[in-house]
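Counting convention: from 1, in listed order, for ligands and their atoms alike. Everything numeric here is computed off the predicted structure, so don't read it as measured data.
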Amino acid sequence: MSQSYYLNLDNFEVGTLTKYWLPIVNDGIGEPIRIPMMVAKGKEPGPVVGLTAALHGNELNGIPVIQKVFQQLDLDTLKGTVVGVLTANVPGVLLGQRRFNDDVDLNWIAPGKPDGNLGQIYMHRILYGVVKRFDTFIDLHTVSFGRASSHYIFADMTDPETATLAQLQNPAIIVHSKPNLITLRGQAAHHGIKTITAELKDPYLFQDDVIEEATVGIKNVLVHLKMQPGTIRPPVEPIVLCEKSSWLFTDEGGLHTIHVNIGDFIKKGDLIAEVKSIFNESIKTYHSPNDGIVVAINTNPVGQAGSRTIHLGFGPTIMK
Ligand SMILES: [Zn+2]
């Protein structure tokens, strides 16, 4: 493959860090949409670890995570290659929106199409031109607008190496989830790449605490893969593992009050949310359908019928 969007790791000098713009696809006046890349190639061979941030353009915490990981890399001792895509959805970042500039959600149209519409072609080239070069892949997200979240990981915990990757992130919560083939994680896993999705708290922000945690988590992965010397830093608090998770929704519109906090362990039947009229009269209360842990919450007080209340993790257990 000789196309411009193809990341050819043979073209990089060993022992170097390269920062450059990779053209993915031309826009409507023939100007390339370029993605900012960092490639650190070690002096000795080893695995390729890939990091992507802001595939959803309003999910920004992954950008400084990648910057810090590269800042802290020791090129002299690096074995293998680290690739960082600082903003995977450049038009979305500039528009301050989750979606691509043709209004598709890039993470729900994987693998895209070589001959589809703009977003599909873009996605196809990101997957086959860039992500397929990785052996290990961490896709850095946050929750979307109008929500607040814990630091949690989606990972297929039935795969031992993927489970290790997830644990090395030292998140508050890991949610077991089989990768869905319409997501970038799903396609990466389908191609044999060890992959997790990191949900780094909240959108539209750089949040120092989760940026530091995620940076340590990725450095842990590099130590685990013997790509960098050092010791693995364990979690400060025990990690909570969930069998699955799901958002809960209202069936009446109104002003929301959420009665639980992120990280709370709750019981079946506990009050989780109340919807009130504009005259502050209660319309309906919502109770937890199961025992679980609160992974994330809705923060927008104005909720049409069918709005989210909380993201509930089911079957939480403390990992040893
Ligand atoms: Zn996202």
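For the pair Lys41 and Phe12, the cation-pi test (distance below 6.0 Å, angle within 45°) is failed.
Listing protein N, O or S atoms at distances below 2.8 Å from the Zn ion (ligand 1), with waters left out, gives His56 ND1, Glu59 OE1, Glu59 OE2, His141 ND1.
Here Pro289 pairs with Leu248, Leu312 under the side-chain contact (heavy atoms from CB on, under 4.5 Å) rule; sequence neighbours left out.
Using a 4.0 Å cut-off between a side-chain N of Lys or Arg and a carboxylate O of Asp or Glu, Lys201 and Asp209 qualify as a salt bridge. In this structure, Asp76 pairs ionically with Lys43, as a charged nitrogen and a carboxylate oxygen lie closer than 4.0 Å.
Among residues at least two apart or in separate chains, there is no salt bridge (Lys or Arg N to Asp or Glu O under 4.0 Å) pair with a member in residues 227-239. Legend: salt bridge (Lys or Arg N to Asp or Glu O under 4.0 Å) pairs involving residues 87-99, not counting sequence neighbours, sorted by first then second residue: Glu59-Arg98, Arg98-Asp105.
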